[in-house]
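Just so it is clear, the values below take in all heavy atoms, side chains as well, and ignore hydrogens, waters and symmetry mates. Source: prediction; values computed, not measured. One is the number of the first residue; the rest follow in order along the sequence.
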Amino acid sequence: METFKITTDETLRETIQHGNNRYPFAYYPDNIWKFDFHRIDWHWHHELEFLYTAEGTALCLIGTSKIELHKGCGIFINSGVLHRFEAQSSTFAPNIVFSPTLLAPENSLIYEKYILPVISSSVPYQVFSPSNTFGKQVLQLLSQICTIQETKPDNELCTIQLLFQLWNILQKNMDWTSDSNSIHRLNHKQARLQAMMQYIHDHYMEEITLETIAASASISKSGALHIFQTGIHCSPVAYLIQYRLAQAAEQLYITQKSVSSIAEENGFTSSGYFCRKFRQYYHMSPNEYRKKKTEEIS
């Protein structure tokens, strides 16, 4: 099975361009199960995102929230919000990502009156369920938008028309009252989380402690623990181990290095400890994983 991987920069901002400057809209018919480790990992983007679960169940992580999106449900993710999607089985979750300026240019009346209040609000996301009228209307429009991307070659006008209808429903049914203090706290914590995660990415091969991770963001150890737990639901050290394992897993199938050599190069003190952690995380030994990935590639 072909696998996919999301790419981000040092701040975890997604690096792919969604659409282009002339038409900043992109449609992704994603099956989350096909991504590395069955997840679309932590990322954010300035664009707005709507996701619809057509098959399976998607788990969306945003801040302290873990949202289960069962078949037929959807979610809106606001601009600049750090998020991650996971799946326990095949989960087809088509999504659209577009710039707010697709609906209206900045400094226009439409943008200032109807779009800016949303992207500058403290609302990070909104879940849509077919069990209520509001959610059902949004999901129907979202389904139509996804369908025409696959069935109509020249669909730009129809897509924007449906997006305006969808946006009008959001405006009428949600409270977008801005809370600048909440935004500041969210961005401040997110920036520190990203700084610590990037420190781990840069130094995972070295000896790293909770103290050095916290120091990279100029906060206390308890502060680092709190930000990691509320941001990505694990401790800094647990994230470090997961990241080391992910790097080691990649080396297992792109190199012929020995397991002990890979363990050492990725910051593990012994190959025995590495093998125990690897089995705990991937439910198979490093050699079994290497064989499985090699067979998939061939």
Side-chain angles (χ1 to χ4, degrees), residues 25-35 38-40 42-45 47-98 100 102-103 114-115 117-152 155 158-179 182 186 230-233:
F25 173 95
Y27 166 69
Y28 301 103
D30 289 334
N31 186 329
I32 301 170
W33 186 252
K34 291 185 177 181
F35 280 76
H38 312 310
R39 64 175 183 249
I40 301 176
W42 293 105
H43 67 286
W44 65 274
H45 36 70
E47 294 86 354
L48 307 166
E49 179 172 359
F50 286 86
L51 178 140
Y52 170 72
T53 309
E55 293 291 340
T57 298
L59 179 64
C60 181
L61 287 78
I62 302 175
T64 57
S65 302
K66 285 186 178 182
I67 309 112
E68 282 194 1
L69 299 171
H70 298 287
K71 181 179 179 180
C73 295
I75 192 168
F76 161 72
I77 298 174
N78 211 340
S79 172
V81 173
L82 190 67
H83 58 286
R84 163 174 164 171
F85 295 107
E86 299 177 355
Q88 297 297 319
S89 61
S90 181
T91 300
F92 181 54
N95 57 91
I96 58 172
V97 184
F98 62 93
L102 178 67
L103 299 178
Y114 299 103
I115 299 169
V118 174
I119 62 177
S120 62
S121 77
S122 58
V123 179
Y125 67 92
Q126 173 64 41
V127 176
F128 309 113
S129 168
S131 62
N132 60 69
T133 304
F134 162 49
K136 189 174 182 180
Q137 289 176 330
V138 169
L139 291 166
Q140 286 175 343
L141 288 168
L142 189 53
S143 179
Q144 288 180 53
I145 292 169
C146 292
T147 299
I148 65 170
Q149 307 310 309
E150 299 183 358
T151 57
K152 291 186 178 181
N155 56 51
C158 190
T159 296
I160 293 174
Q161 181 186 34
L162 291 168
L163 282 175
F164 269 119
Q165 291 181 48
L166 190 157
W167 204 257
N168 188 39
I169 293 171
L170 288 184
Q171 284 288 331
K172 290 180 177 178
N173 289 274
M174 290 191 63
D175 179 13
W176 300 104
T177 304
S178 179
D179 179 354
S182 289
L186 176 66
T230 57
I232 60 174
H233 311 286

Which distance, rounded to the nearest 0.5 Å, do you find between the [atom1] of [X] and the [atom2] of [Y]?
X    : Y    : atom1 : atom2 : value
F128 : L139 : CZ    : CG    : 7.5 Å
Q126 : M174 : CD    : CE    : 4.0 Å
L166 : L142 : CG    : CG    : 6.5 Å
N168 : L141 : CG    : CG    : 10.0 Å
L163 : L102 : CG    : CG    : 6.0 Å
I77  : F50  : CD1   : CZ    : 10.0 Å

May I ask you to check whether over 12 heavy atoms, not counting those of Q171, lie within 6.0 Å of atom CD?
yes

Closest non-hydrogen atom pair, [X] against [Y]:
X    : Y   : result
W44  : H83 : CA-CE1, 4.4 Å
F85  : C60 : CE2-SG, 3.5 Å
D30  : N95 : OD2-ND2, 3.2 Å
A93  : I32 : CB-CD1, 4.1 Å
I232 : W42 : CG2-CE2, 3.0 Å

Pair Q149, F25 - check side chain to side chain contact (heavy atoms under 4.5 Å, CB included), show working.
CA-CA 11 Å; Q149 307 310 309; F25 173 95; 3.5 Å; yes

Please tell me if the side chains of L48 and N78 come closer than 4.5 Å, counting only heavy atoms from C-beta onward.
yes

Just so I know, are the side chains of T133 and Q137 near enough to count as touching, which here means a heavy-atom distance under 4.5 Å?
yes

Between side-chain atoms of residues 67-76 and protein atoms elsewhere (two or more places apart, or another chain), which donor-acceptor pairs fall under 3.5 Å?
unit_1	atom_1	unit_2	atom_2	d
E68	OE1	H70	NE2	3.2
H70	ND1	T57	OG1	3.3
K71	NZ	E55	OE2	3.4

Would a distance-only check, ignoring hydrogens and angles, find a side-chain to backbone donor-acceptor pair under 3.5 Å from [X] to [Y]?
X    : Y    : value
T147 : S143 : yes
E150 : C146 : no
T91  : S89  : yes
N155 : C158 : no
S121 : V118 : yes

List in chain and number order the residues that pass side-chain hydrogen bond (donor to acceptor under 3.5 Å, both in side chains) with Y114, two or more places apart in sequence or in another chain; answer none if no residue qualifies.
none

Taken in chain and number order and not counting sequence neighbours, the residues that satisfy ring pair (Phe, Tyr, Trp, His ring centres under 6.0 Å) with F92 are none

Tell me every residue that passes ring pair (Phe, Tyr, Trp, His ring centres under 6.0 Å) with W167, counting only those two or more places apart in sequence or in another chain.
none

For the residue pair H45 and H43, does the interplanar ring angle fall in the parallel (under 30°), tilted (30 to 60°) or perpendicular (over 60°) class?
tilted

Contacts of type side-chain contact (heavy atoms from CB on, under 4.5 Å), residue N31, not counting sequence neighbours
W33, K34, S90

Tell me, please, which residues at least two apart from R84 pass salt bridge (charged side-chain N to carboxylate O under 4.0 Å, His left out).
D41, E86

Side chain to side chain contact (heavy atoms under 4.5 Å, CB included), that's the test. Do N173 and V138 meet it? Break it down for me.
CA-CA 11 Å; N173 289 274; V138 169; over 6 Å; no

